[in-house]
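All ligand and atom numbering here is 1-based and tracks the order in the structure. The first residue of the sequence shown is numbered 1, and numbering continues consecutively from there.
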Amino acid sequence: MSEVAEHLAAVEARIAAACRRAGRERSSVALIAVSKTFPAESVADAAAAGQSLFGESRLQEAEPKIAASPSGLRWHFIGGVQRNKVRKILPLFEAIHAIDSLRLAAYTDQVAAELGLRPQVFLQVNAAGELSKGGFEPVVLEREMEALLALKHVEIRGLMTIPPDDGNARPWFSALRVMRDRLAGSSGVVLPDLSMGMSGDYEEAIEEGATLVRVGSAIFGRRAYRVDGELG
Ligand SMILES: *Cc1c(COP(=O)(O)O)cnc(C)c1O
């Protein structure tokens, strides 16, 4: 068994246990294996162990890696999105997790229409109002939700957040769930997904309602370098 396969099995056991504690079905949570900074060989190890959903945060890194990885895998773009990359991101990724403005959402919608695609989109929320992080301010999201939901060529799945890295993420996870429930209630649209939880806190995120957890280092090991503009 590869090291990646062993780590995956351990993460899987913890996800299953968190689901049991929360009274949730295991099938209600998807694991995104975040392979950023790791090579296609690591992706292949995870795929051989049954993992089919992967996350990347930089297009330049992801393009050759996806090409070199086993076919039939699903990829989510979890990093900050630059406008000039959208046209290349959409054909490679079924979902984008960090749409952080109406302008970017509208542009993504336009490019998706041109390409004949309908990507899944997550709206990133800067719940704690951190200056260093992207994401909608909650009040802005509330105001712009109707315009976002009017976009026809993106499927708005729900919300995503990256809480402050201070070891106390649970209140932010719970706040994101409350925000999702309120937005769904006021718009009358089901927003089924919450993308929240990383290696250090995915179990808490599941207990607070996450439907997608983005787990990198707990599966692939410690990253050797920091990705510019991204979380290390
Ligand atoms: C890198 C990254 C992750 C994974 O982080 P780990 O702590 O290694 O699990 C999750 N989400 C985003 C947005 C990331 O950039």
Side-chain angles (χ1 to χ4, degrees), residues 3-15 18 29-39 42-43 45-46 49 51 53-63 65-66 73-82 85 89 92-101 104 119-128 130 132-136 157-170 172-173 176 193-232:
E3 204 170 321
V4 165
E6 283 173 24
H7 291 166
L8 255 178
V11 168
E12 176 54 43
R14 286 171 173 270
I15 290 175
V29 181
L31 170 62
I32 302 173
V34 177
S35 48
K36 69 182 183 199
T37 80
F38 290 92
S42 301
V43 172
D45 283 347
Q51 179 68 25
L53 179 58
F54 292 84
E56 284 285 332
S57 60
R58 282 173 71 222
L59 179 66
Q60 304 91 300
E61 181 189 340
E63 260 186 317
K65 193 185 300 185
I66 292 173
L73 303 178
R74 296 155 50 216
W75 297 86
H76 283 201
F77 195 84
I78 62 169
V81 181
Q82 290 167 277
K85 303 278 168 62
I89 289 172
L92 293 172
F93 294 87
E94 67 174 24
I96 301 186
H97 285 241
I99 294 291
D100 62 359
S101 70
L104 179 61
Q120 298 175 23
V121 157
F122 293 78
L123 305 170
Q124 183 181 359
V125 178
N126 191 345
E130 292 174 284
S132 62
K133 279 187 189 147
F136 284 90
R157 294 291 308 182
L159 307 182
M160 176 271 209
T161 200
I162 305 170
D165 187 17
D166 61 4
N168 188 28
R170 190 186 287 271
W172 302 113
F173 294 151
L176 198 72
D193 284 328
L194 290 171
S195 167
M196 57 189 196
M198 316 197 320
S199 289
D201 51 29
Y202 63 92
E203 294 156 278
E204 288 171 59
I206 289 168
E207 289 170 8
E208 297 298 334
T211 61
L212 295 105
V213 290
R214 310 177 308 265
V215 179
S217 46
I219 296 171
F220 294 107
R222 233 167 69 90
R223 281 185 291 279
Y225 59 90
R226 208 184 142 82
V227 182
D228 271 356
E230 303 297 338
L231 295 176

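- Residue contacts with ligand 1 include Arg223, since one or more of its heavy atoms lies under 4.0 Å from the ligand.
- Evaluated by nearest non-hydrogen atom to atom 2 (C) of ligand 1, the leading choice among Met196, Arg214, Lys36 is Lys36.
- Shown in contact with Gly216 at under 4.0 Å from a heavy atom are these atoms of ligand 1, numbered in order with element: 4 (C), 6 (P), 8 (O), 9 (O).
- Judged purely by atom type and a 3.5 angstrom limit, Ser199 uses its side chain to pair as donor or acceptor with the backbone of Ala218.
- Nearest heavy-atom pair, Lys133 versus Ile162, reported as atom, atom and distance to 0.1 Å: NZ-O, 3.4 Å.
- Which parts of ligand 1 touch Val215 is read off a 4.0 Å heavy-atom cut-off, strictly below it: atoms 9 (O).
- With a 6.0 Å radius and a threshold of 12 heavy atoms from other residues, nucleotides or ligands, Glu3 has its CD atom at or below the threshold.
- Of the options Ser35, Ala33, Ser199, the smallest heavy-atom separation from atom 9 (O) of ligand 1 is shown by Ser199.
- Residue Ala210 comes nearest to Val29 through the heavy atom pair O-CG2, 3.7 Å, listed as atom of the first residue, atom of the second, then distance.
- Within ligand 1, counting atoms from 1 as listed, the ones closer than 4.0 Å to a heavy atom of Ser217 are 6 (P), 7 (O), 8 (O), 9 (O).
- Salt-bridge annotation for Glu61 and Lys36: absent, with no side-chain N of the basic residue lying under 4.0 Å from a carboxylate O of the acidic one.
- The two residues Ala49 and Leu8 have their closest heavy-atom pair at CB-CD1, 3.9 Å.
- Ligand-side atoms of ligand 1 in range of Ile162: 13 (C), range being under 4.0 angstrom from any heavy atom.
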